[in-house]
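Have a look at the structure below, then the notes.
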Amino acid sequence: NELFKYALPLIPVSVLMWANSSIPQLVMQRTMDYYSIGIFTSAMALANMILIIQSGFNTFWVPYAYENYKTQTGQFFKVYRYLMCALTIFALVLVCSQDLIFLLLGAKYRAAKAFFPFLIMGPVCYIAGEVAGIGIDISKKSFYKLYVFLASITVNLICCVLLRIPLGVAGIALSTSLAAITSLVVTTLIGERYYKVISNYKYLIFCLVSILACAFITLKVSDQTMRSLLNISVLLISVFFFRQEIKELLVVARSFIKRS
């Protein structure tokens, strides 16, 4: 009975997840040409490269969280900081490498470069939400996920309609970014009510702000040299901000290599 109550809301959640991911394409199909749709879809596939982190992280996180949530003494706080560090640095390296990436992909994809960083926010928020929202799963209150996706869909739809005219495809990309942030914020607020994994919100805020900064730099700065310098500057600031986490991760990596 308890398992049925937990699983039942996941059916409409799956439908809402599909609807949320389909809204940009549906809006574009009605208002833009197939070239724009193709560029957006290809850029989205490229942005999902960051889900490489998720595949490795979930292998560790899910069993670790369920085995240790009753006894852990601050370790989850460290895991969250390390995750924010990895997501931020990986996302910004991807943004700083985008000129080379799109050069290798060919001329037909280069139009996506202007809005590509906005699309990175989706997978970043999804992975961060896996940790921040663990309280929802631990408390078995899966119906809260309905609220998460209803909020995300609402923001996604409104922003797609409002931003598609002044910004075009970039407006659609920005809308998906804002919807992802909404989903993460709602997930975090609910999840933290039932189980705390965040000791300080500055890591989350810094992650989102730094990626958005690079996204707007890429969109607004037309000079390639200046754009690259500004994006690299944000990356260097991020390395400095997460310097302690980077040192600790290197120590963990060295000890793991020695054991293996």
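No experiment lies behind these values; they were computed from the predicted model shown.
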With no hydrogens and no angle check, is any side-chain donor or acceptor of [X] less than 3.5 Å from a backbone partner on [Y]?
| X | Y | answer |
| --- | --- | --- |
| Y195 | Y69 | yes |
| D33 | S36 | yes |
| S183 | A179 | no |

Tell me, do [X] and [Y] make a side-chain contact under 4.5 Å, heavy atoms counted?
| X | Y | value |
| --- | --- | --- |
| F240 | R243 | yes |
| P117 | I211 | no |
| Y201 | T188 | yes |
| R193 | K141 | no |
| N200 | F77 | no |
| L204 | Y80 | yes |
| Y203 | T88 | no |
| Y66 | D137 | yes |

Interatomic distance, [X] atom [atom1] to [Y] atom [atom2] [nearest 0.5 angstrom]:
| X | Y | atom1 | atom2 | value |
| --- | --- | --- | --- | --- |
| Q98 | I101 | CD | CD1 | 7.5 Å |
| L212 | S177 | CG | OG | 5.0 Å |
| F143 | I136 | CZ | CD1 | 9.5 Å |
| I37 | Q29 | CD1 | CD | 5.0 Å |
| I172 | F40 | CD1 | CZ | 7.0 Å |
| L119 | L174 | CG | CG | 10.0 Å |

Which atom pair, heavy atoms only, marks the closest approach of [X] to [Y]?
| X | Y | result |
| --- | --- | --- |
| G135 | S139 | O-OG, 2.7 Å |
| A91 | V124 | CB-CG2, 4.3 Å |
| Y35 | A111 | OH-CB, 3.8 Å |
| F76 | A65 | CZ-CA, 3.6 Å |
| C160 | S175 | N-OG, 3.1 Å |
| L83 | A128 | CD2-CA, 4.2 Å |

Side-chain donor-acceptor distances from residues 9-19 under 3.5 Å, at least two apart:
from: S14; atom 1: OG; to: L10; atom 2: O; distance (Å): 2.9
from: W18; atom 1: NE1; to: S22; atom 2: OG; distance (Å): 3.4

Could you name each residue pair satisfying salt bridge (Lys or Arg N to Asp or Glu O under 4.0 Å) that touches residues 74-87, not counting sequence neighbours?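 Residue pairs with at least one partner in residues 74-87: R81-E245, R81-E248.
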Positive for side chain to side chain donor-acceptor pair (under 3.5 Å) with S152, one of N20, T182, T176: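 So, applying the side chain to side chain donor-acceptor pair (under 3.5 Å) to S152 and each of N20, T182, T176, only N20 qualifies.
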Knowing that exactly one of I120, V234, L87 qualifies, which makes a side chain to side chain contact (heavy atoms under 4.5 Å, CB included) with L92?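 Only match with L92 under side chain to side chain contact (heavy atoms under 4.5 Å, CB included): V234.
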If the plane angle is over 60° it's perpendicular, under 30° parallel, otherwise tilted; pick one for W61 and Y64.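 Ring orientation, 0 to 90° scale: tilted.
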F241 and F206 aromatic ring geometry - parallel, tilted or perpendicular at 30°/60° bounds: parallel
Listed by chain and number, what are the side chain to side chain donor-acceptor pair (under 3.5 Å) partners of S228, not counting sequence neighbours?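 Partners of S228 under the side chain to side chain donor-acceptor pair (under 3.5 Å) test: D99.
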